[in-house]
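In what follows, a structure is listed as structure tokens, so that the remarks can point back to it.
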Amino acid sequence: MNTGGDIPDSVSDSFAIRLIQWQRQHGRHHLPWQNTRDAYRVWLSEIMLQQTQVGTVIPYYRRFLQCFPDMQSLASASLDEVMAQWSGLGYYSRARNLHKAARRIAGEHGGIFPEEVDAIRQLPGVGRSTAAAIAVFAFGKRAAILDGNVKRIFSRCFGIEGYPGEKSVETQLWQKAEALLPVKDENSMECDIETYTQALMDLGATLCTRAHPRCGSCPLRLECIAFRDNRVGSLPTPRPRKILPEREVALLLVVAQGRILLEKRPGTGIWGALWSLPEMQANENVIEYCMQLGINVRPMSQMGAFTHTFTHFRLRIHPLILQVISRSPDHLSPAALPQSGNQRIWMMPGDALKAAIPSPVRKVLLQYTFQTEPHEIPAMADD
DNA sequence: AAGTCGGGGGC
DNA sequence: GCCCCAGACTT
């Protein structure tokens with residue numbers, strides 16, 4: 001027991017103890033993935049939370065668990081079913097890796113989730129920090145995380161300068177993360193690795209925030225270098241600015257008998273393995289392009305163009321509505337599907353909205369279904 | 001080390 | 001507008 005007034009065994013324990021005590025009083029305790037040691041749920045939450053904020057994840061997490069309550073159900077599902085549940089959450093390689101890992105665990109591990117951090121780390125989509133988080137929350141292992149929250153806390157508390165994405169800076173931060181882990185002691189509540197890890201996440205999310213941190217309530221304010229030197233606003237060092245390149249595409253809404261043509265994207269790359277609309281260069285002739293697909297179309301109307309911003313480029317999207325011209329009554333048959341390397345299918349817009357589609361395509365489809373409803377046509381944003 | 005992967009929150 | 005978020009993977 002570490003009763004009040006005791007001198008802690010080490011400096012690192014003092015750090016951990018402050019955090020743990022703060023977490024018990026002021027931390028978050030009712031997130032949907034807390035209060036369980038089900039490794040499947042812990043793993044799912046950690047993957048969804050990669051580069052995605054808690055508030056965004058929660059509804060996806062609940063829906064996903066409803067569909068796939070355990071490892072076996074996820075492994076048995078088709079990739080398409082998994083992608084449909086992930087649709088809108090972004091970073092779709094996470095979902096592909098999740099599915100691949102589920103099938104690997106069901107096959108190779110006999111459905112049992114691996115307990116050792118090195119084994120967890122071997123799963124696709126699981127890096128060093130995520131493996132540690134799973135090992136901590138599911139199995140109580142002593143392992144260090146280093147996510148965006150922890151990087152921000154450490155760079156401020158210890159006055160570590162330089163962009164944390166830079167290798168040398170990240171190495172320093174990992175070294176701190178390992179060194180500050182509480183000493184494992186089964187008899188001491190003060191060295192609870194789960195509470196410590198959750199404390200780092202909660203402190204970063206609720207107090208040590210990027211903008212307007214609440215330093216007055218912080219359990220680390222007496223030892224925080226950035227607070228002492230009034231540098232909280234300039235640490236961590238921001239990412240170096242870069243100019244985003246801009247690309248331009250046309251998305252084709254090819255309509256026949258109320259159905260639209262969807263095209264499955266390749267398994268890797270942008271929107272990998274998602275259903276999308278046929279895409280062509282914005283300056284291409286749409287009639288000729290569709291002739292190459294083996295379909296005869298008439299341009300109907302244009303929706304307003306809009307811009308979708310990715311991490312590394314901007315995409316200017318021009319949606320075009322096209323009506324198929326055909327005297328044949330069965331041009332919706334499989335044989336009449338346009339030839340292409342990609343899988344294609346005709347779908348009712350309502351069904352397409354339930355499929356695994358990227359957000360900009362959802363936006364176009366919603367706009368289209370709204371336009372075809374019997375009320376006034378609103379002006380599309382932009383342009 | 002740098003580039004590739006989304007979408008949304010918050011200001 | 002801009003920056004960042006419970007990062008991992010490829011080149």
Side-chain angles (χ1 to χ4, degrees), chain A residues 27-28 31-34 42-61 83 86-98 100-101 120-137 143-153 163-171 173-174 177 194 197-206 208-212 233 236-245 247 265-274 276 307-315 356-363 382:
Chain A
R28 299 172 293 185
L31 296 173
W33 41 85
Q34 289 181 316
V42 173
W43 168 54
L44 174 63
S45 70
E46 292 301 331
I47 299 301
M48 283 190 167
L49 287 161
Q50 289 171 355
Q51 297 294 287
T52 311
Q53 294 181 348
V54 167
T56 304
V57 163
I58 287 176
Y60 283 89
Y61 177 80
M83 299 307 286
W86 205 273
S87 173
L89 199 51
Y91 278 116
Y92 297 98
S93 65
R94 293 185 294 175
R96 296 194 298 272
N97 284 331
L98 194 78
K100 186 191 293 183
I120 299 172
R121 174 77 174 81
Q122 299 307 310
L123 297 172
V126 177
R128 181 173 174 181
S129 186
T130 299
I134 297 169
V136 167
F137 293 129
I145 62 163
L146 187 66
D147 57 34
N149 284 327
V150 182
K151 287 176 178 173
R152 188 170 55 252
I153 293 167
Y163 171 55
E166 192 179 316
K167 186 61 181 174
S168 64
V169 179
E170 190 171 7
T171 300
L173 292 168
W174 269 116
E194 301 165 70
T197 305
Q198 191 65 49
L200 286 173
M201 295 175 168
D202 290 357
L203 189 75
T206 63
C208 195
T209 49
R210 185 168 64 88
H212 311 301
T237 305
R239 169 196 297 271
R241 291 280 307 130
K242 277 175 194 168
I243 298 169
L244 295 185
R247 303 180 200 170
R265 298 187 61 91
T268 60
I270 197 84
W271 299 335
L274 268 66
S276 185
T307 302
H308 186 77
T309 305
F310 295 86
T311 310
H312 48 300
F313 67 97
R314 294 181 206 282
L315 188 62
I357 56 176
S359 281
V361 172
R362 181 175 304 277
K363 184 171 173 176
D382 305 297

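Every chain is numbered from 1, with letters handed out A, B, ... down the list of sequences.
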Below 4.5 Å, heavy atoms only, C-beta onward: do [X] and [Y] meet side chain to side chain?
{"X": "A:R128", "Y": "A:W174", "value": "yes"}
{"X": "A:Y60", "Y": "A:T52", "value": "no"}
{"X": "A:Y91", "Y": "A:T311", "value": "yes"}
{"X": "A:Q198", "Y": "A:Q34", "value": "yes"}
{"X": "A:S87", "Y": "A:R362", "value": "yes"}
{"X": "A:T130", "Y": "A:D147", "value": "no"}
{"X": "A:E170", "Y": "A:K151", "value": "yes"}

Spacing of [X] atom [atom1] relative to [N] atom [atom2], expressed in whole Å:
{"X": "A:Y61", "N": "B:dG8", "atom1": "OH", "atom2": "P", "value": "21 Å"}
{"X": "A:Y163", "N": "B:dA1", "atom1": "OH", "atom2": "C1'", "value": "12 Å"}
{"X": "A:F313", "N": "B:dG6", "atom1": "CZ", "atom2": "P", "value": "8 Å"}
{"X": "A:K167", "N": "C:dA8", "atom1": "NZ", "atom2": "C1'", "value": "13 Å"}
{"X": "A:R241", "N": "C:dG1", "atom1": "CZ", "atom2": "C1'", "value": "10 Å"}
{"X": "A:R265", "N": "B:dG6", "atom1": "CZ", "atom2": "C1'", "value": "13 Å"}
{"X": "A:E166", "N": "B:dA2", "atom1": "CD", "atom2": "P", "value": "8 Å"}
{"X": "A:Y60", "N": "C:dA6", "atom1": "OH", "atom2": "C1'", "value": "17 Å"}

Choose from [options] the nucleotide whose nearest atom is closest to any side-chain atom of [X].
{"X": "A:L31", "options": "B:dG7, C:dA6, C:dA8", "answer": "C:dA6"}
{"X": "A:Y91", "options": "B:dC5, B:dA1, C:dC4", "answer": "B:dC5"}
{"X": "A:T130", "options": "C:dG7, B:dG7, B:dG9", "answer": "C:dG7"}
{"X": "A:P358", "options": "B:dG7, C:dA6, B:dC5", "answer": "B:dG7"}
{"X": "A:Q51", "options": "B:dC5, C:dC5, B:dG8", "answer": "C:dC5"}
{"X": "A:R121", "options": "C:dC9, C:dA6, B:dG7", "answer": "C:dC9"}
{"X": "A:R152", "options": "B:dG6, C:dA6, C:dC5", "answer": "C:dC5"}
{"X": "A:S359", "options": "B:dG8, C:dA8, B:dC5", "answer": "B:dG8"}
{"X": "A:H308", "options": "B:dG7, C:dC3, B:dG8", "answer": "B:dG7"}
{"X": "A:H312", "options": "B:dG3, B:dC5, C:dC5", "answer": "B:dC5"}

Task: Secondary-structure string, 5' to 3', Watson-Crick or G-U under 3.5 Å, | for another-strand partners, for DNA chain B - done: |||||.|||||
When we call it a touch if two heavy atoms are under 4.0 Å apart, what does [X] touch: a base, just sugar-phosphate, or nothing?
{"X": "A:E170", "result": "nothing"}
{"X": "A:G269", "result": "sugar-phosphate"}
{"X": "A:P360", "result": "sugar-phosphate"}
{"X": "A:W33", "result": "base"}
{"X": "A:R28", "result": "base"}
{"X": "A:L89", "result": "base"}
{"X": "A:V126", "result": "sugar-phosphate"}

TODO: Select from A:I270 and A:G55 the residue whose nearest nucleotide in DNA chain B is closer to the 5' end of that strand.
DONE: A:I270
Task: Which residue lies more 5' along DNA chain B, comparing A:W271 with A:H212 via nearest heavy atoms - done: A:W271
Can you find a donor-acceptor N/O pair under 3.5 angstrom joining the side chain of [X] to the base of [N]?
{"X": "A:R210", "N": "C:dC3", "value": "yes"}
{"X": "A:R94", "N": "C:dA6", "value": "no"}
{"X": "A:T52", "N": "B:dG6", "value": "yes"}
{"X": "A:T311", "N": "B:dG6", "value": "yes"}

Please measure how far the [atom1] atom in [N] lies from the corresponding atom in [M], and state the result in whole Å.
{"N": "C:dA6", "M": "B:dC11", "atom1": "P", "value": "14 Å"}
{"N": "C:dA8", "M": "B:dG9", "atom1": "C1'", "value": "22 Å"}
{"N": "C:dT11", "M": "B:dG6", "atom1": "P", "value": "16 Å"}

TODO: For B:dG3, take OP1 and OP2 only and decide whether either is under 4.0 Å from a side-chain N or O of A:K242.
DONE: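 True: A:K242 side-chain N/O within range (under 4.0 Å) of B:dG3 OP1/OP2.
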Open item on the list: Can you work out whether A:Q53 or A:P124 has the more 5'-proximal nearest nucleotide on DNA chain C?
Closed with: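 Nearest nucleotide further toward 5': that of A:Q53.
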TODO: Grab the two heavy atoms, one from A:G272 and one from A:Y92, that are nearest each other, plus how far apart they are.
DONE: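 That would be O-CB, 4.3 Å.
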Open item on the list: For the backbone of A:T206 and the side chain of A:R28, can you confirm whether one donor and one acceptor N or O come within less than 3.5 Å of each other?
Closed with: no
Open item on the list: side chain to side chain contact (heavy atoms under 4.5 Å, CB included), that's the test. Do A:Y163 and A:V169 meet it? Break it down for me.
Closed with: CA-CA 7 Å; A:Y163 171 55; A:V169 179; 5.9 Å; no
